[in-house]
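First listed ligand is number 1; within each ligand, the first listed atom is number 1. Just so you know, these numbers use all the heavy atoms, side chains as well, and skip hydrogens, waters and symmetry mates.
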Amino acid sequence: MLEQQPLNILAIVGSLRKDSFNRQLAEAARDALGDRAKLHFLSYADVPLFNQDIEYPAPEAVSRARAAVREADGLWFFTPEYNHSFPGVLKNLIDWLSRPASETERQVLYGKPAALAGISGGMSGTLVAQDQLAMLLSYLNLRLMNVPRVAVPNARTLADAQGRLTLPDKNRAFLQKEADALIAFLRP
Ligand code: FNR
């Protein structure tokens with residue numbers, strides 16, 4: 001039997017913070033995926049604020065982000081919650097990605113499989129933000145894996161003084177379930 005190539009999954013972390021808990025959650029997700037997939041991290045801190053005056057030709061950072069999305073078999077969003085929504089940096093990125101690179105191309109998010117997860121400081125654990133993000137992604141015609149979704153509340157209580165996160169076993173088990181479900185979603 002032919003050996004299957006690992007899937008290419010792009011992690012899109014909705015926080016630019018160096019010690020981001022969501023970034024750490026994504027790193028734990030990478031372990032949960034194991035050798036079934038390669039989890040790449042989208043680096044997009046240099047994507048400018050969207051402005052139609054600079055839309056064409058696309059800024060280099062936007063072209064890079066579009067290429068990374070195009071090449072990915074699926075996306076896995078890890079979003080913080082800011083005021084019961086997802087952060088503006090993520091909305092800005094998605095606004096850029098939602099626009100076709102040229103008149104003859106379709107926007108890169110169209111039909112792209114995607115999963116959601118997040119960790120936040122409050123009790124909602126990003127569930128409200130994830131719902132908002134799901135609404136946006138569904139509008140843009142991504143193929144969303146609606147469940148399972150991992151949502152981790154009270155992030156600070158799980159971190160040491162240096163901000164290093166230790167995920168409790170129950171969160172790790174949920175993350176494993178989501179990773180397994182995502183692999184099945186991408187390889188039905
Ligand atoms: C927050 N935080 C937060 N937490 C939450 O559970 N619900 C919320 O509505 C908010 N609102 C909010 C607004 C703003 C402007 C900030 C800066 C923070 C806390 C937030 O989830 C926490 O700081 C996370 O740790 C941010 O994610 P990263 O950067 O650690 O990945």
Side-chain angles (χ1 to χ4, degrees), residues 9-33 37-51 61-62 64-65 68-69 72 74-98 109 112 114-140 142 144-179 181-182:
I9 301 178
L10 186 66
I12 302 185
V13 177
S15 169
L16 304 181
R17 195 167 76 83
K18 183 166 52 69
D19 299 321
S20 161
F21 293 133
N22 282 278
R23 165 105 199 175
Q24 294 182 58
L25 184 66
E27 282 160 7
R30 184 174 54 196
D31 296 342
L33 288 165
K38 285 202 172 6
L39 190 73
H40 301 283
F41 286 79
L42 181 67
S43 132
Y44 66 94
D46 52 350
V47 166
L49 283 177
F50 184 80
N51 176 345
V62 173
R64 252 191 298 112
V69 170
L75 312 178
W76 196 345
F77 289 88
F78 297 86
T79 186
E81 183 163 285
Y82 283 2
N83 301 312
H84 276 193
S85 189
F86 52 91
V89 288
L90 187 52
K91 177 65 162 57
N92 184 59
L93 172 73
I94 293 172
D95 284 342
W96 273 109
L97 296 175
S98 74
L109 295 172
K112 193 59 77 173
L116 302 178
I119 175 167
S120 76
M123 278 170 54
S124 78
T126 73
L127 280 175
V128 188
Q130 287 191 45
D131 274 344
Q132 307 256 357
L133 185 55
M135 190 164 73
L136 173 61
L137 299 182
S138 130
Y139 170 70
L140 292 171
L142 280 87
L144 192 61
M145 185 180 81
N146 239 323
V147 283
R149 295 181 193 172
V150 165
V152 185
N154 305 320
R156 292 242 161 255
T157 65
L158 308 176
D160 64 16
Q162 284 70 47
R164 265 337 283 175
L165 195 62
T166 302
L167 276 182
D169 287 347
K170 67 171 193 256
N171 296 121
R172 223 168 256 288
F174 279 127
L175 199 58
Q176 189 62 56
K177 270 195 185 141
E178 182 165 356
L182 180 56

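Partners of R149 by salt bridge (Lys or Arg N to Asp or Glu O under 4.0 Å), not counting sequence neighbours, listed by chain and number: D131. Applying the salt bridge (Lys or Arg N to Asp or Glu O under 4.0 Å) criterion to R164, with sequence neighbours excluded, gives E27.
Annotation: cation-pi geometry not satisfied between R23 and F78 (NZ/CZ under 6.0 angstrom from ring centroid, within 45° of ring axis).
A salt bridge links D46 to R64: at least one charged side-chain nitrogen sits closer than 4.0 Å to a carboxylate oxygen.
Residue pairs satisfying the salt bridge (charged side-chain N to carboxylate O under 4.0 Å, His left out) criterion with at least one member in residues 76-90, sequence neighbours excluded, are absent.
In this structure, ligand 1 sits under 4.0 Å from heavy atoms belonging to S15, R17, S20, F21, N22, P80, E81, Y82, N83, H84, S120, G121, G122, S124.
Counting non-hydrogen atoms of other residues, nucleotides and ligands closer than 6.0 Å to OH of Y44 gives a total above 12.
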